[in-house]
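Here the structure comes first, spelled out in structure tokens, and everything after it is commentary.
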Number of protein chains: 2
Amino acid sequence: MEKYSKQREEIINLLSNTKSHPTAEEIYSILKENGSTASRGTVYRNLNQLIDKGTVIKISIQDGPDRFDYIKEKHNHIICLKCGKVFDYFYNLNENKLKKDALEQTGVEILDNTFTLNGICNDCKTE
Amino acid sequence: MEKYSKQREEIINLLSNTKSHPTAEEIYSILKENGSTASRGTVYRNLNQLIDKGTVIKISIQDGPDRFDYIKEKHNHIICLKCGKVFDYFYNLNENKLKKDALEQTGVEILDNTFTLNGICNDCKTE
DNA sequence: TTTGAAAATAGGAATGATTCTTATTTTAGA
DNA sequence: TCTAAAATAAGAATCATTCCTATTTTCAAA
């Protein structure tokens, strides 16, 4: 049975109030700055717990640590190839066709999809 | 200027003749078994070089090391959430609409996309 | 309200994938 | 044949993440 913890509340608050897709290390530092006692291990453990529950997702970045996002509404991500910044992006996929095609082609029962775009963001373009 | 190396040729041969999406470690072991002198460092260095050239792509797996795929024809991947196996999958996205939508929503100039599905494969279903 | 078991924590050690370093070898054009 | 650039092997170093252990917190039942 899950029990309340101050540290978990702090992590959820931070994540649900930012659009910055922070890394675990960034979450840890911000909490520290704000006087939290949370340790790195606690940050990772709670993130994984929230991922299992489905409230948070992990975004894998090619060169660099994973980033985390609190999910209010389902969406996709765009990652800048130059600076690594992550943007939220809404695109409507035909999920039923997708599932059907995948099942026919490979026999895999699809539960989820990760649709990530890569490109160069505005800030990096003008440099 | 790029120079020929036996080790790079071995890596390319292995990758272009398998459908198994091996990890760097698996590539290293298979080469070793077949009498190659290639070291881990050499495997990683060449994989990254091939990725830069666009002939190989890296597939990020949630829990486990990256996997590598030689690209003959553009396609997507399906990853089994239970056993981690990677399947090739062909799905036709409307890339122009995608690029236009993304640019409007975020200002990012899209160069590439990663479209990965997750599910339970046939073998894992019947267990 | 006390109490005790389950859950959570801090802090640091351990792990595992990947990159880096250095001295040596190979490649390929002049 | 010679030489500079590129590549290599082997292992050290790094970095993100998980694991470990002793301690603390939570919460339901007595």
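As the structure is a computational prediction, the values presented were derived from the model and not from experiment. So you know, we letter chains A, B, ... as the sequences are listed, proteins then strands, and number each from 1. Note that these values count all heavy atoms, side chains included, but never hydrogens, waters or copies made by symmetry.
- Partner B:His77 forms a side-chain hydrogen bond (donor to acceptor under 3.5 Å, both in side chains) with one of B:Thr116, B:Asp69, B:Asn118 and no other, that one being B:Asp69.
- Here D:dA16 is the nucleotide among C:dA17, C:dT9, D:dA16 with the atom lying nearest to any side-chain atom of A:Pro65.
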In dot-bracket, 5' to 3', how would DNA chain D read with Watson-Crick or G-U wobble pairs under 3.5 Å, [ ] for crossing ones and | for pairs to another strand?
||||||||||||||||||||||||||||||
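- The main-chain N or O of A:Thr37 is never found under 3.5 Å from a side-chain atom of A:Gln7 such that the two would form a donor-acceptor pair.
- Closest to the side chain of B:Ser5, from the set C:dA10, D:dA7, C:dT9, is D:dA7.
- The B:Tyr44 side chain lies nearest to C:dT18 when the options are D:dT17, C:dA8, C:dT18.
- For a distance-only test at 3.5 Å, the side chain of B:Lys3 qualifies as a donor-acceptor partner of the base of D:dA5.
- B:Glu10 and B:Ser36 share a donor-acceptor pair across their side chains, judged by distance under 3.5 Å alone.
- The nearest heavy atom of DNA chain C to B:Glu2 and to B:Asn48 marks one nucleotide each, and the one closer to the 5' end goes with B:Asn48.
- Of the candidates C:dG11, D:dC27, D:dA7, the closest approach to any side-chain atom of A:Met1 belongs to D:dC27.
- Between A:Arg67 and A:Glu26 there is a salt bridge, since a side-chain N of the basic residue sits under 4.0 Å from a carboxylate O of the acidic one.
- In this structure, a donor-acceptor pair under 3.5 Å is absent between the side chains of A:Ser5 and A:Arg8.
- Using a 4.0 Å cut-off between charged nitrogen and carboxylate oxygen, B:Asp123 and B:Lys85 count as a salt-bridge pair.
- With C:dT19, D:dA7, D:dA9 as the choices, the nucleotide that has an atom nearest any side-chain atom of B:Thr42 turns out to be D:dA9.
- In the set C:dT18, D:dA9, C:dA8, D:dA9 carries the atom at the smallest distance from any side-chain atom of B:Ala38.
- Side-chain proximity of A:Ser39 to the nucleotides C:dA28, C:dA10, D:dC27 is greatest for C:dA10.
- Map B:Gly41 and A:Phe68 each onto its nearest nucleotide of DNA chain D; the residue landing nearer the 5' end is B:Gly41.
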